[in-house]
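To keep things clear, I will list the structure first and then write my remarks on it.
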Amino acid sequence: MSTPSTILLSALAPAAGWAVHAWRMRAHLNTARRDPLTGLVTRDGFTRRATVLLKDPRAVVVLADVDRFKHINDTHGHAAGDALLKATADRLTHYVQDCGVAGRLGGDEFAAAVIDDHGTVGDLLAVLHGVLARPVEGQDPAVRTTVSLGWVRAADFPDDDLSGLLRRADEAMYAAKQARAGLRRAGLGWLFATVTGRRAGRTGARTSAPVVGVAA
C-alpha cells in the first residue's frame, strides 16, 4: 500500500520534470530572440518589449544605421565589419541602460525605444552620435564610421503603432544620412527625404512627403 509520502513524491516527479522542460524552453526562446553577434534582441524581441514601452507617453523610438558599412566590409574584411557592429551595439546598450530596449533589426540597422524621463533625449542622442563615431577599440583606427540617427516621440504621433513610428524614424534617419547631418527628429516640419520615404527594398514605403525634422 502506498504511503502518503510515496504518493506525494510520485506526483511531484512529473511536475518537476515539466518545470525543468518549461525553463529550458524559455531559455531556448530567449536565445533565439538574441542576435548571436551583438547580443541585442532581434526584431521579434525588440517589437515585444518596445510595444510595452510605447504605452508610456514619454517613449521615444530611435533608428540607427551605420554609414558606409559596405565600404568597411569590402576594404577591411568581414571581421572588421563585425567588430564595428559589436561596438555599435555595446555603445547603444550603454545609452539605453535600464530605461528602454535596444535591438538589431538586421544588417547594420539598429533600433531603440527609451523613456525620456527628463525631456533631454535630443541632447543625449547628440552625445551618442559622437560616441558611435569613435574608433573601435583593438581595431585599426581606419575601421571607423559615423552612424546616422533618426528619432521620434511617440506623443507626437499618438495614432501610430510601433511600425508607424519606426517608419517615421527611418525617414528622419535617411534624411540625416542624405544631408550628412548625423541626427534628425521626425515631426518638426516638412522635408522630402526620399521619393518613397524609405530606401529601396524596405517595407512600408510611402509616396507622399514624409514629415521629418528639419533640425537635430
Side-chain angles (χ1 to χ4, degrees), residues 24 26-50 53 60-114 121 124-151 162-163 165-167 169-184 194 198-204:
R24 287 177 176 171
R26 284 195 297 269
H28 286 312
L29 186 59
N30 289 335
T31 300
R33 290 176 180 163
R34 291 278 174 182
D35 174 52
L37 174 64
T38 64
L40 295 180
V41 292
T42 57
R43 183 181 292 271
D44 179 59
F46 174 78
T47 298
R48 290 173 181 271
R49 295 172 64 179
L53 290 171
V60 169
V61 174
V62 183
L63 199 69
D65 194 85
V66 179
D67 301 323
R68 301 186 304 112
F69 181 69
K70 184 177 184 302
H71 172 76
I72 295 292
N73 260 346
D74 293 346
T75 305
H76 301 282
H78 290 287
D82 286 351
L84 179 60
L85 293 177
K86 183 67 168 61
T88 299
D90 291 344
R91 292 163 181 175
L92 189 59
T93 299
H94 181 74
Y95 163 76
V96 171
Q97 295 185 354
D98 297 327
C99 64
V101 59
R104 183 184 180 192
L105 302 188
D108 59 339
E109 185 179 62
F110 299 85
V114 297
V121 68
L124 294 174
L125 285 173
V127 173
L128 174 65
H129 181 259
V131 171
L132 292 174
R134 293 176 183 171
V136 178
E137 185 176 352
Q139 296 291 316
D140 185 329
V143 184
R144 60 184 299 178
T145 185
T146 54
V147 176
S148 295
L149 300 171
W151 64 282
L162 177 62
S163 178
L165 293 172
L166 281 172
R167 185 185 66 242
D170 179 77
E171 291 165 351
M173 181 275 298
Y174 191 59
K177 188 182 290 286
Q178 292 291 86
R180 297 184 179 180
L183 175 67
R184 294 274 182 161
T194 63
R198 286 177 72 84
R199 285 170 284 165
R202 291 181 182 246
T203 58

*Check the pair Val62, Leu128 against side chain to side chain contact (heavy atoms under 4.5 Å, CB included), reporting the backbone distance first and the verdict last.*
CA-CA 11 Å; Val62 183; Leu128 174 65; 5.7 Å; no

*Mind checking side chain to side chain donor-acceptor pair (under 3.5 Å) for Thr146 and listing every partner two or more places apart, or none if nothing turns up?*
Asp67

*Lys177 NZ to Arg68 CZ distance, which is reported to the nearest 0.5 Å*: 10.0 Å

*Could you tell me the separation between the CG atom of Leu63 and the CD atom of Glu171, rounded to the nearest 0.5 Å?*
11.0 Å

*Measuring from Thr88:OG1 to Leu40:CG, what's the distance to the nearest 0.5 Å?*
10.0 Å

*Spatial distance of atom CH2 (Trp151) from atom CG (Leu183) [nearest 0.5 Å]*: 7.5 Å

*Under 3.5 Å: donor-acceptor pair, side chain of Arg184, backbone of Gly150*: no

*Got Val147 and Leu92 here, is their nearest side-chain heavy-atom distance under 4.5 Å?*
no

*Do Asp65 and Tyr174 pass the side chain to side chain contact (heavy atoms under 4.5 Å, CB included) test, and can you show the C-alpha distance, the side-chain angles, and the key distance before you say yes or no?*
CA-CA 9 Å; Asp65 194 85; Tyr174 191 59; over 6 Å; no

*Could you list all the salt bridge (charged side-chain N to carboxylate O under 4.0 Å, His left out) pairs where at least one residue sits in residues 134-148, not counting sequence neighbours?*
none

Identify every side-chain donor-acceptor pair in residues 73-86 under 3.5 Å, counting partners at least two apart or on other chains, and give the distances.
unit_1	atom_1	unit_2	atom_2	d
Asp74	OD2	Lys70	NZ	2.6
Thr75	OG1	His71	O	2.8
Thr75	OG1	His71	ND1	3.4
Lys86	NZ	Asp90	OD1	3.0
Lys86	NZ	Asp90	OD2	3.1

*Once you round to the nearest 0.5 Å, how far does CD of Glu109 lie from CG of Leu166?*
8.0 Å

_Rounded to the nearest 0.5 Å, what separates atom OG1 in Thr145 from atom CZ in Phe69?_
10.0 Å

*Would you indicate whether the side-chain heavy atoms of Met173 and Asp170 approach each other to under 4.5 Å?*
yes

*Under the side chain to side chain contact (heavy atoms under 4.5 Å, CB included) rule, collect the residues that match up with Val127, sequence neighbours excluded.*
Val131

*asked:* For Arg48, give me all partners under salt bridge (Lys or Arg N to Asp or Glu O under 4.0 Å), at least two apart in sequence or on another chain.
replied: Asp44

Would you tabulate the side-chain donor-acceptor contacts of residues 97-106 under 3.5 Å, counting partners in other chains and residues two or more places apart, or write 'none'?
unit_1	atom_1	unit_2	atom_2	d
Gln97	NE2	His94	O	3.1
Arg104	NE	Gly107	O	2.9
Arg104	NH1	Asp35	OD1	3.2
Arg104	NH1	Asp35	OD2	3.0
Arg104	NH2	Gly107	O	2.9

*Can you see which heavy atom on Leu149 is nearest to which on His129, and at what distance?*
CD1-CB, 4.0 Å

